[in-house]
Number of protein chains: 2
Amino acid sequence: MDTVTKLEQFLSNLESSNTPNDIQTLVTSLRDSYGVTNAVYHAVNLDGAPYAALTYTPEWMDHYQEQKYVQVDPVVRGALQQFHPMDWKRLDWSNRGSRNFLGEANDAGIGNQGFSIPIRGPNGQFALFTINDNCTDQQWEVFRKEFLRDMLLISHFIHNKVVKIMLPDGNRAQTPLSPREADTLKYLAHGMSRTNIAGKLEISEHTLRVYIDSARHKLGALNTVHAVSLAYTKGLILL
Amino acid sequence: MDTVTKLEQFLSNLESSNTPNDIQTLVTSLRDSYGVTNAVYHAVNLDGAPYAALTYTPEWMDHYQEQKYVQVDPVVRGALQQFHPMDWKRLDWSNRGSRNFLGEANDAGIGNQGFSIPIRGPNGQFALFTINDNCTDQQWEVFRKEFLRDMLLISHFIHNKVVKIMLPDGNRAQTPLSPREADTLKYLAHGMSRTNIAGKLEISEHTLRVYIDSARHKLGALNTVHAVSLAYTKGLILL
DNA sequence: CATAAATTCCCCATATATGGGGAGGGGCTA
DNA sequence: TAGCCCCTCCCCATATATGGGGAATTTATG
């Protein structure tokens, strides 16, 4: 079975996946067809909720959840600041929490080699697609060279499908912001005060307040900080 | 020349690209090898600055810049809210600004067909990779089916390279936030008041203030809104 | 052309955030 | 073990933001 066929097969299976269970099956068959120890799709943030389809043991997952490892896991922390797929060897495992985590992960049968692909979507979506294996550095390098591109595509398509399944109404029309409102929120995000922004936009501070208020109301935000973070994650403003 | 070779050739050319000029040349040769009307890499936000490598005419680019079309362009607005490559036909061209923009774009020789791939990186990076052409819907559909995957990979690798070139110190160590600081900023982003957050974290409001203050100082933020938006874009907190 | 939305201006009172201090206990690391 | 960072608590005074009103002109939209 050559490379193209593996990817083709995955994409064709993905096409006919319509439930969370299908995705789980898909990830398992992905692990088998590429001959690795584990394959993991982990949506760290999908409109506030997490979601995962993976081949780790349920025990390890429960443990991970209970210990709130998502906040400590160097893979997650690293991926949040990276764009390119990230090899686990290049992460910082120096502090105690990480070492502890690493030890427990090894005990849970997770491979010594691995890379994780960060996936970013609108609305603050953040997910990871991870492949890991037990093998030598050389073997791993060969795998990486051969399949990294497949994995990039797989990570993209699997996330796209998961969003479709988990957030069927995710494509609802967005609350539009008026140009002035968008400007206002942008400058607020930059840390400017009302007085400064009003000066920059050459309007009175009273007027500026109207924009902040109307943006808050449009977005259903509880306060200004909320409005700014909503507008940014929803892709309504550019920083 | 078959598909694999085109992509391979691009990636090999990319490997040896080390300056903005190289990227420009690369995009031009990309357009030629895939036989389309235009190829565009447009970093809308690269640490606050824009950057573009494209095959549009300089006149159109100047016009685009002068008119601040980035704020009106339905392609940009749409891509900000999408994950998957977005066909231009599926955008909303109904309002006056968009129609006007479309007319001028046609006059500038931009193809009637096109799709744009949104690219999201850490630090609020947002870029678009666009391919457009003059052809029928059917021809376009064929092109899309055949080359969409290539384009996804190209968009990923070109962005990765541009960031390396334009932000060579982009991989500097991030200001770490303590767990309490990160929690605090996260809840602030959710729109909670100090009083509520203090209650949730079961600490006094005074203590909470210390976290906000120290986070502000660590991030070099001008105020709380700024601190939250910095922490989020830098990947230091999960919403 | 009628209606809606955007943009601009203003007042008053209260709630909340910020800036400047200070202080003690506990844990990790060199 | 010494030093650094984290976590927790407190005071005072001032600056800034919010919530509740109201109203005009211009610009888009159907």
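Classified by interplanar angle (parallel below 30°, tilted 30° to 60°, perpendicular above 60°), the ring pair A:H63/A:W60 is tilted.
Here the rule is side chain to side chain contact (heavy atoms under 4.5 Å, CB included) with B:R216, and of B:T224, B:L185, B:L230 only B:T224 fits it. Checked options B:D137, B:N134, B:N132, B:D133; the residue passing with B:Q113 is B:D137 (criterion: side chain to side chain donor-acceptor pair (under 3.5 Å)).
Taken residue by residue, residues 179-191 of chain B places heavy atoms nearer than 4.0 Å to DNA chain D at B:P179, B:R180. Residues of residues 202-225 of chain B having a heavy atom closer than 4.0 Å to DNA chain D, listed by number: B:I203, B:S204, B:H206, B:T207, B:R209, B:V210, B:Y211, B:K218.
The shortest heavy-atom contact between B:L177 and A:R77 is O-NH2, 4.2 Å. Contact record, B:L222 with A:G191: CB-O, 3.6 Å, taken as the closest heavy-atom pair. Between B:D92 and B:S98, the shortest heavy-atom contact is O-OG, 4.0 Å. Smallest separation of non-hydrogen atoms from B:R31 and B:T37: CD-O, 3.1 Å.
Rounded to the nearest Å, the gap between the P atom of D:dG22 and that of C:dT7 is 22 Å.
Protein chain B contacts DNA chain D over a range whose 5' and 3' limits, counting nucleotides with an atom under 4.0 angstrom from a non-hydrogen atom, are D:dC6 to D:dT29.
Here the side chains of B:W140 and B:D87 are in contact, with some heavy-atom distance below 4.5 Å. Under the 4.5 Å side-chain criterion, counting only non-hydrogen atoms from C-beta, B:F129 is not in contact with B:V40.
We find the CD-NE2 distance between B:E181 and B:H217 to be 11.5 Å, quoted to the nearest 0.5 Å.
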